[in-house]
J.: 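This is the structure I have questions about; it appears just below.
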Amino acid sequence: MPQIFLSHHPQFSPLSEITALCQKHSFGIELAAFSDLDAVKDLSQPGFHTGQITHIRERAIHGPYLGLYPGSPDAEMRRRTMECFKRVYQIALAVQARHIIFHHNYNPADGSPAQWLKYSRQFWRTYLEAKSGGIRIHLENVLDDAPTLLLEVIEQIGHPDLDAALDIGHVQAYSKTPCLEWIAVSNSVTGYVHLHDNHGLEDEHLALGSGTAPLPQILNSLRRWAPGAVWSIESGGSKMYQSVQWLSENGFLD
């Protein structure tokens, strides 16, 4: 069985509810509160979260993404993004997280994938060279219509602590490439997976089994092609309980 995390954001439910569910099932936790810039800047947040997750061993944090573009041709934008992401790394150390999820943040509508590849490659090489190791960095697809560019960034950098975070819901809503094909192409480069459901039109973050994603086929394909990847449920609120129940009823929990 893969290692399973539950993603918590204070917008959807109290942290205590998710930590209790994590403890009940021996799940890890993903702290999505740090996807907000205000939380990253708030010096009290790492200590608060560490105190709330004492009994949860496996931890991840989701970095901020709005207005942050590691592959931007704008040097000032890359500088601001780097400054923010360095702070996120310090937060990960403080809360003893072993995973950080950052959005790839490439928009196909902007064009110029070669330019994005050039600057993104430079950005992540610089970011990773100063890190001490022990924390894995996962780059998440968002509006990517195919896995090609994201995989090129990761493979050309070739760093052992850098891989892909495959967001099933984003593929379902935004990608021209079917999810099963995406999984097969990404295979072992996928180190982290966000699980949630939708109806293929927008990023709804529904409970597993509440949308139209072919989830049994997707999860079985992940078992085959990315057996070492972490699965993080990103449904939120009461939908988290429904998702855990769906995994159990469909044979994906021991």
J.: With the side chain counted from C-beta on, respond yes when Leu37 and Leu66 share a heavy-atom pair under 4.5 Å apart, and no when they do not.
T.: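 Answer no - side chains too far apart.
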J.: Relative to the ring of His170, is the ring of His103 parallel (under 30°), tilted (30 to 60°) or perpendicular (over 60°)?
T.: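 The rings of His103 and His170 stand perpendicular, inter-plane angle above 60°.
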J.: Is there a donor in the side chain of Gln172 and an acceptor in the side chain of Thr212, or the other way round, less than 3.5 Å apart?
T.: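 Looking only at side-chain atoms, Thr212 and Gln172 do form a donor-acceptor pair, the distance falling under 3.5 Å.
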J.: For the pair Arg125 and Glu129, evaluate salt bridge (charged side-chain N to carboxylate O under 4.0 Å, His left out) and give the outcome as yes or no after the intermediate values.
T.: CA-CA 6 Å; Arg125 280 179 174 162; Glu129 68 184 9; over 6 Å; no
J.: Using the ring of Tyr127 (Phe, Tyr or Trp, six-membered ring only), decide whether Lys86 places NZ or CZ under 6.0 Å from its centre and within 45 degrees of its axis.
T.: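 Not satisfied by the 6.0 Å and 45° rule.
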J.: Flag the pair Ile137 / Ile101 as yes when at least one side-chain heavy-atom distance between them is below 4.5 Å, and no otherwise.
T.: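 When only atoms from C-beta onward are counted, Ile101 and Ile137 do not touch, as no gap falls below 4.5 Å.
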J.: Looking at every non-hydrogen atom in both residues, tell me the closest pair between Ile183 and Ser221 and how far apart they are.
T.: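 Looking at all heavy atoms of both residues, the shortest contact is CG2-OG, 3.5 Å.
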J.: What's the separation between atom CG in Asn107 and atom CG in Leu143, rounded to the nearest 0.5 Å?
T.: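 If we round to the nearest 0.5 Å, Asn107:CG and Leu143:CG are 5.0 Å apart.
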J.: Are Glu30 and His8 linked by a side-chain donor-acceptor pair shorter than 3.5 Å?
T.: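 No.
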J.: Taking the six-membered ring of Tyr241 as reference, does the NZ or CZ atom of Lys239 fall below 6.0 Å from its centre and within a 45° cone about the axis?
T.: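 Negative - Lys239 is either too far from the ring of Tyr241 or too far off its axis.
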J.: Only one of Thr126, Thr81, Val153 clears side chain to side chain contact (heavy atoms under 4.5 Å, CB included) with Pro70; which?
T.: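 Going through Thr126, Thr81, Val153 one by one, the side chain to side chain contact (heavy atoms under 4.5 Å, CB included) with Pro70 is satisfied by Thr81 alone.
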J.: Considering residues, nucleotides and ligands other than Lys118, do more than 12 of their heavy atoms fall under 6.0 Å from its NZ?
T.: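 No, because the 6.0 Å sphere around NZ of Lys118 holds 12 heavy atoms or fewer from other groups.
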J.: Ignoring hydrogens, what is the shortest heavy-atom contact between Trp182 and Ser175? Give both atom names and the distance.
T.: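 In this case the closest contact between Trp182 and Ser175 is CZ3-OG, 3.2 Å.
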J.: Can you check ring-ring contact (aromatic ring centres under 6.0 Å, His included) on Phe85 and Phe102, steps first, answer last?
T.: CA-CA 9 Å; Phe85 285 7; Phe102 289 119; 4.0 Å; yes
J.: With a 3.5 Å cut-off and no angle check, do the side chains of Asp42 and Ser44 form a donor-acceptor pair?
T.: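 Yes, Ser44 and Asp42 have a side-chain donor paired with an acceptor closer than 3.5 Å.
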J.: Which heavy atom in Tyr192 sits nearest to a heavy atom in Ala229, and how many Å separate them?
T.: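 Answer, listing the atom of Tyr192 first, then Ala229: N-CB, 4.0 Å.
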J.: Please name the pair of heavy atoms, one in Ser7 and one in Met240, separated by the smallest distance, quoted to 0.1 Å.
T.: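 Ser7 and Met240 have their closest heavy atoms at O-CE, 3.1 Å.
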J.: Is the ring pair Phe34/His49 parallel, tilted or perpendicular, if the boundaries are 30 and 60 degrees?
T.: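 Taking His49 first and then Phe34, their aromatic rings sit tilted (interplane angle of 30° to 60°).
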J.: Could you tell me whether the side chains of His205 and Asp203 share a donor-acceptor contact shorter than 3.5 Å?
T.: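 Checked: His205/Asp203 side chains pair up, N/O donor to acceptor below 3.5 Å.
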J.: Closest approach of Val142 and Asp144, non-hydrogen atoms and distance?
T.: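 What the structure gives for the nearest pair is N-OD1, 3.0 Å.
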J.: Go through it in stages, so that I can follow the logic: the residues are Arg80 and Glu83, the test is salt bridge (charged side-chain N to carboxylate O under 4.0 Å, His left out), and I'd like the CA-CA distance, side-chain angles, deciding distance and then a yes or no.
T.: CA-CA 5 Å; Arg80 291 199 302 269; Glu83 182 179 290; over 6 Å; no
J.: Heavy atoms, side chains only, cut-off 4.5 Å: are Leu219 and Trp231 in contact?
T.: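 A side-chain contact exists here, since the closest heavy-atom pair is under 4.5 Å.
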J.: Check the surroundings of atom CZ in Arg98: do more than 12 heavy atoms from other residues, nucleotides or ligands lie under 6.0 Å from it?
T.: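 No - once you tally the heavy atoms of other residues, nucleotides and ligands closer than 6.0 Å, there are 12 at most.
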J.: When you check the side-chain N and O atoms of His104 and Asn141, is any donor under 3.5 Å from an acceptor?
T.: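 No donor-acceptor contact under 3.5 Å links the two side chains.
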J.: Does the side chain to side chain donor-acceptor pair (under 3.5 Å) test come out yes or no for Ser243 and Ser235, once each step is laid out?
T.: CA-CA 7 Å; Ser243 294; Ser235 298; 2.8 Å; yes
J.: Applying salt bridge (charged side-chain N to carboxylate O under 4.0 Å, His left out), run through Arg136 and Asp163 and close with a yes or a no.
T.: CA-CA 8 Å; Arg136 296 194 62 80; Asp163 60 28; 2.7 Å; yes
J.: Does the side chain of Glu140 pick up a donor-acceptor pair with the side chain of His62 at under 3.5 Å?
T.: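 Yes, side-chain donor-acceptor contact under 3.5 Å.
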J.: Decide yes or no for Leu208 and Val244: does some side-chain heavy atom of the first lie under 4.5 Å from some side-chain heavy atom of the second?
T.: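 A side-chain contact is absent here, since even the closest heavy-atom pair is not under 4.5 Å.
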